[in-house]
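Both backbone and side-chain heavy atoms feed into the values below; hydrogens, waters and symmetry mates do not.
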Amino acid sequence: MTDHGIEVLYTVLEVLIAVACCLGNLLVIWAVWTCGAMRRQPTFCFIASLAIADFLVGAVAVPLAVLMDGRVRTSFYGCLFVSCLVIVLTQASVHSLLAIAVDRLLRVYISLSYKRTVTQSRSWSAVGACWLSAGVLGFAPMFGWYRQETLAQMEASNSTTITCTFLAVIPMTYMVNFNFFTCLLPPLVLMMVLYLCIFMRIHKQLRGSGASGSGSHTYYQKERKLAQSLLLVLVLFAVCWLPLHFMNAISFYGTTVPHQAFYVGILLSHANSALNPAIYAMKIRKIKSFFKMVWQRYVICREDQDATRSSQTTENINSTTITRNEQNISL
């Protein structure tokens, strides 16, 4: 396949991923926002935060990624700003996942005082802190950690615009040494350790909770099931994002990585945001019930209404035809 054909295929796949991101995560946000029971639970506050980040990936990051593939010319700082915006959304996802893991840990370690400690207002404050910290880390290049050589070349050639690409403004030192080794890998390792502690605690409690029908046993069974679903979301995030960061690191330390491989890595990282709603719908009972309700109310009912209208139209046509025939016979 030619380079042009690869670019067209990449663009088409990005558009499909963007549509899936927006539709799926909009349903998740709608579910949490309209269902009071979910909105009051801290875990679903953090899931909503992750869904907002994933929705913005489809609505903002994917279109920007397509445009920043050398398709537009912008000012240096304009290109730098939109590049940082993409990084902010990734950091917001990481911090939301970390908040979910901490929340699950508190849920099983301080189960008796959990509701008094982790209140709704504190949960939404934590969501705000996740986005604030993501903004600080993601917009760090705006404060001087950008490609100085690109700006120097523009000044030397008296140019006011550049062909906007991500690596034209974001240095690999930031992406590899800071974004990957400092802001992504340590939180991922920490989250894996937290989930290990969670499952060890649940296993211990289930062994000592007595009969399988007891309230304590049922509580920890539910916690284990939800923790397994959220761990799957974390593992999927790691599987989708690590290849791109590994390629960045390999390229930074001197080994050439094919441009087509970077396309695959970018598509995989964006696809993560489209896959999360599917996991919620399959694994989390409350979100699954909401999705089913939406499907039945807005898809099946509409099909039934269309079928009813079509049937009524057919009956009216048949009735009119019969009446005309009877009139002809009487004449």
*Hey, is the main chain of Thr161 close enough, under 3.5 Å, to the side chain of Arg73 for a donor-acceptor pair?*
yes

*Within 6.0 Å of NZ in Lys283, more than 12 heavy atoms from elsewhere*: no

*Please assess Tyr280 against Phe291 for the test ring pair (Phe, Tyr, Trp, His ring centres under 6.0 Å), listing each intermediate value before the final yes or no.*
CA-CA 10 Å; Tyr280 304 147; Phe291 276 31; 8.4 Å; no

*Verify whether one side chain among Asp69 and Tyr263 offers a donor that lies under 3.5 Å from an acceptor in the other.*
yes

*Side-chain contact, heavy-atom cut-off 4.5 Å: Gln153 with Ile162?*
no

*Donor-acceptor pair, Ser133 side chain versus Cys130 backbone, under 3.5 Å?*
yes

*Just by modelled atom types, is the Gly78 backbone N or O under 3.5 Å from a matching donor or acceptor in the Ser75 side chain?*
yes

*Can you list the steps and then say if Asp103 with Tyr114 is a side-chain hydrogen bond (donor to acceptor under 3.5 Å, both in side chains)?*
CA-CA 9 Å; Asp103 173 69; Tyr114 173 80; 2.4 Å; yes

*Is it the case that Arg201 places NZ or CZ above or below the six-membered ring of Tyr109, under 6.0 angstrom from the centre and within 45 degrees of the axis?*
yes

*Has the side chain of Arg39 got a donor or acceptor atom that lies under 3.5 Å from a matching backbone atom of Trp33?*
yes

*Give the ring-plane orientation class for His245 versus Phe180, where under 30° counts as parallel, over 60° as perpendicular and anything between as tilted.*
parallel

*List for me each residue that meets ring-ring contact (aromatic ring centres under 6.0 Å, His included) alongside Trp145, sequence neighbours excluded, and say none if there are none.*
Tyr174, Phe178

*asked:* So if I apply the side chain to side chain contact (heavy atoms under 4.5 Å, CB included) rule between Pro42 and each of Val127, Val118, Ile47, which one comes out positive?
replied: Val118

*asked:* Is the shortest side-chain heavy-atom distance between Leu80 and Phe76 below 4.5 Å?
replied: yes

*Mind checking whether Leu27 and Pro277 have side chains closer than 4.5 Å, heavy atoms only?*
no

_Distance-minimising heavy-atom pair for Leu105 and Cys197_ = CD1-CB, 4.0 Å

*Would you mind reporting whether Thr218 and Lys222 have side-chain heavy atoms less than 4.5 Å apart?*
yes

*Please answer whether the main-chain N or O of Val66 pairs with a side-chain N or O of Arg71 as donor and acceptor at a distance below 3.5 Å.*
yes

*Under 3.5 Å, is there a donor-acceptor pair between the Ser49 and Trp131 side chains?*
yes

*When rounded to the nearest 0.5 angstrom, what is the spacing between OG in Ser289 and CD1 in Ile287?*
10.0 Å

*asked:* Count I, L, V, M, F, W, Y as connected when their side-chain heavy atoms are under 4.5 Å apart, and connections chain through other members. Are Leu268 and Leu232 then in the same cluster?
replied: no

*For Thr119 and Lys115, indicate whether the former's side chain and the latter's backbone hold a donor-acceptor pair under 3.5 Å.*
no

*Of the options Arg224, Lys225, Arg107, which is the one that meets Ile202 in a side chain to side chain contact (heavy atoms under 4.5 Å, CB included)?*
Arg224

*asked:* Any heavy-atom pair between the side chains of Val82 and Val60 that's under 4.5 Å?
replied: no

*Between Leu85 and Phe139, does a side chain to side chain contact (heavy atoms under 4.5 Å, CB included) hold up when you go through it step by step?*
CA-CA 7 Å; Leu85 192 59; Phe139 281 117; 4.2 Å; yes

*asked:* Tell me if a side-chain donor or acceptor on Asn25 pairs with a main-chain N or O of Cys21 at a distance below 3.5 Å.
replied: yes

*Within the distance-only criterion (no hydrogens, no angle test), does the side chain of Asp54 pair as donor or acceptor with the backbone N or O of Asn276 below 3.5 angstrom?*
no

*asked:* In the structure I gave you, are the side-chain heavy atoms of Ile52 and Ile29 within less than 4.5 Å of one another anywhere?
replied: yes

_For a side chain to side chain contact (heavy atoms under 4.5 Å, CB included) check, start with the C-alpha distance between Tyr195 and Leu230, then their side-chain angles and the critical distance, and finish with the verdict._
CA-CA 9 Å; Tyr195 276 105; Leu230 296 172; 3.4 Å; yes

*Got more than 12 heavy atoms from elsewhere within 6.0 Å of CE, Met200?*
no

*Given side chain to side chain contact (heavy atoms under 4.5 Å, CB included), test Leu242 with Leu185 step by step and report yes or no.*
CA-CA 9 Å; Leu242 286 179; Leu185 271 185; 4.2 Å; yes

*Checking Thr255 side chain against Ser251 main chain: does a donor-acceptor pair fall under 3.5 Å?*
no

